[in-house]
Amino acid sequence: MADLSTVYLGLKLKNPLVSSASPLAEHVETVQRLEEAGIAAVVMDSLFEEQIIHESLELDHYLFYGSESSAEVNSYYPQTGKYTLKADAYVERLGKIKKAVKIPVIGSLNGVSTGGWIKYARKIEAAGADALELNLYYLATDPDLTAARLEDNYVTLVGDLRKSIKIPIAVKLSPFFTSLPNIARRLVEAGANGLVLFNRFYQPDLDLENLTVVPRLTLSTSNELLLPLRWISILYSRIPVDFALTTGIHTVDDVVKGIMAGASVTMMASVLLEKGIGWIPDLLTGLEKWITSHEYESIEQMKGSLSQRSVKETAAFERANYMKVLGSFKFLP
Ligand SMILES: Cc1cc2nc3c(=O)[nH]c(=O)nc-3n(C[C@H](O)[C@H](O)[C@H](O)COP(=O)(O)O)c2cc1C
């Protein structure tokens, strides 16, 4: 029998399949079904900073110097619909989920500014969360706001969180940094125990009939795996931290690629929303079969074996690959 166990954020997990932050954790019963199906850990849907401080909007005063009106900012944030969970109700639900299942439960905060709202990290910890995932997402639109200032702010926030809670912290990042390795290292130095790559962005679309901007949520496909795969391959063994791969994990091969690149766990949302929770046992059976038929013994043995340091062609992950890929396209006029 292949050993599927892995360690993520110091948590010993029975396998590398984790349910990513999503509506899958909105109900205690769904999390119980995820556990029965074999998922190793669950990340809660996020509690947004704006849900905690939406009236004071500390965030925008801090970063925007008042350059956008509160009304405009207010209309953007997810204050209505299913994301308007009140912060206390979120913490209460987390407590109920913790009591209902044995697998680790990871709380999730989504925000970017330091300030009073991070007291909810302590409440999440007190409710029994095994770890906290911080989703850092800020779309800079002000030309006066420098990347350095924004990054300093992220680092300060992680440092402040580190001081306020004892449970492990994972930081979920976007791929949009000029020097991802640098910010990754700074976040780890500030106290992050894990990096979750990558946050998936939902770009608003334009409705030409009504002349409005419309939100558009599409689920991922395996094609989107390549971006986090490349970056985990590059960062693994350069930055001493656990990696979680999110975006594009749909099949057994996707899971294996994530582990080989250096991820400790592979997280899934789209595929479970699309195919249902019944897909988890299929993935686990397929994973075990893959490992034994390729003569590996464990996930630990496979981890990072195709990371940039381990493959012969290290340039495959860098600029040389870009040139090679473009050159490989054969156009027949
Ligand atoms: C409907 C839906 C809701 C989501 N809600 C959250 C959230 O609250 N917090 C968060 O960090 N990510 C959220 N995500 C992003 C997922 O956790 C995940 O990172 C992303 O969907 C990419 O993984 P996938 O390819 O497996 O879907 C959500 C995704 C979906 C589809």
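When a residue number appears, it is its place in the shown sequence, counting from 1. Given the structure is predicted, the values throughout are model-derived calculations rather than measurements. Counting starts at 1 for both ligands and their atoms, following the listed order.
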S.K.: Counting both backbone and side chain atoms, is some N or O of Phe48 under 3.5 Å from an N or O of ligand 1?
M.R.: no
S.K.: Yes or no: does Val271 have any heavy atom under 4.0 Å from an atom of ligand 1?
M.R.: no
S.K.: Go through ligand 1 atom by atom and flag the ones less than 4.0 Å from a non-hydrogen atom of Met268.
M.R.: 26 (O)
S.K.: Is ligand 1 less than 4.0 angstrom away from at least one heavy atom of Asn110?
M.R.: no
S.K.: Strictly under 4.0 Å, does any heavy atom of Phe201 approach an atom of ligand 1?
M.R.: no
S.K.: If you measure every N or O of Ser46 against every N or O of ligand 1, does any of those distances drop under 3.5 Å?
M.R.: yes
S.K.: Within a distance under 4.0 Å of any heavy atom of Pro23, pick out the atoms of ligand 1 and give their elements.
M.R.: 1 (C), 2 (C), 3 (C)
S.K.: With a 4.0 Å cut-off, would you call Asp160 and Lys163 a salt bridge?
M.R.: yes
S.K.: What is the ring orientation for Tyr236 with Phe243, classed by angle as parallel under 30°, tilted 30 to 60°, or perpendicular over 60°?
M.R.: tilted
S.K.: Could you check if a side-chain atom of Asp130 sits within less than 4.5 angstrom of a side-chain atom of Lys98, using non-hydrogen atoms only?
M.R.: yes
S.K.: Among Tyr137, Tyr138, Phe201, find the one that has a ring-ring contact (aromatic ring centres under 6.0 Å, His included) with Phe176.
M.R.: Phe201
S.K.: Report yes if Thr246 has an N/O atom closer than 3.5 Å to an N/O atom of ligand 1; otherwise report no.
M.R.: yes
S.K.: Would you check if Leu287 and Val256 make a side-chain contact, meaning some heavy-atom pair closer than 4.5 Å?
M.R.: yes
S.K.: Let me check something: any side-chain donor-acceptor pairs from residues 279-286 under 3.5 Å, sequence neighbours excluded? List them with distances.
M.R.:
| from | atom 1 | to | atom 2 | distance (Å) |
| --- | --- | --- | --- | --- |
| Trp279 | NE1 | His250 | O | 2.9 |
| Thr285 | OG1 | Pro281 | O | 2.8 |

S.K.: Looking at ligand 1, does any of its N/O atoms fall within less than 3.5 Å of an N/O of Ile249?
M.R.: no
S.K.: Under a 4.0 angstrom heavy-atom cut-off, which atoms of ligand 1 come close to Lys172?
M.R.: 10 (C), 11 (O), 12 (N), 15 (C), 16 (C), 17 (O), 18 (C), 19 (O)
S.K.: List the residues meeting salt bridge (charged side-chain N to carboxylate O under 4.0 Å, His left out) with Glu151, not counting sequence neighbours, and say none if there are none.
M.R.: none
S.K.: With a cut-off of 4.0 Å, which atoms of ligand 1 are near a heavy atom of Tyr202?
M.R.: 21 (O), 29 (C), 30 (C), 31 (C)
S.K.: Less than 3.5 Å between some nitrogen or oxygen of Ala269 and one of ligand 1, yes or no?
M.R.: yes
S.K.: Does the pair Glu300/Lys303 count as a salt bridge with the N-to-O cut at 4.0 Å?
M.R.: yes
S.K.: When only distance counts, is Ser270 in polar contact with ligand 1, meaning an N/O pair under 3.5 Å?
M.R.: yes
S.K.: Can you sort out which atoms of ligand 1 are near Leu219, meaning under 4.0 Å from one of its heavy atoms?
M.R.: 31 (C)
S.K.: Show me which atoms of ligand 1 lie under 4.0 Å from any heavy atom of Ser20.
M.R.: 16 (C), 17 (O), 18 (C), 19 (O)
S.K.: Side chain or backbone, does Arg200 bring an N or O within less than 3.5 Å of an N or O on ligand 1?
M.R.: no
S.K.: Residue-level breakdown please: for Glu224 versus ligand 1, do any non-hydrogen atoms fall below 4.0 Å on the side chain, on the backbone, on both, or on neither?
M.R.: neither
S.K.: Is any N or O atom of Ser220, backbone or side chain, closer than 3.5 Å to an N or O atom of ligand 1?
M.R.: yes
S.K.: Is any side-chain heavy atom of Lys123 closer than 4.5 Å to a side-chain heavy atom of Leu47?
M.R.: no
S.K.: Under 4.0 Å between a side-chain nitrogen and a carboxylate oxygen: does that hold for Arg93 and Asp45?
M.R.: yes
S.K.: Side chains of Met267 and Glu133: does their closest heavy-atom pair fall under 4.5 Å?
M.R.: yes
S.K.: Can you tell me if Glu189 has over 12 outside heavy atoms packed within less than 6.0 Å of its CD?
M.R.: yes
S.K.: Geometry only, no angles: is Asn135 polar-contacting ligand 1 at N/O separations under 3.5 Å?
M.R.: yes
S.K.: Please list, in number order, the atoms of ligand 1 under 4.0 Å from a heavy atom of Leu273.
M.R.: 31 (C)
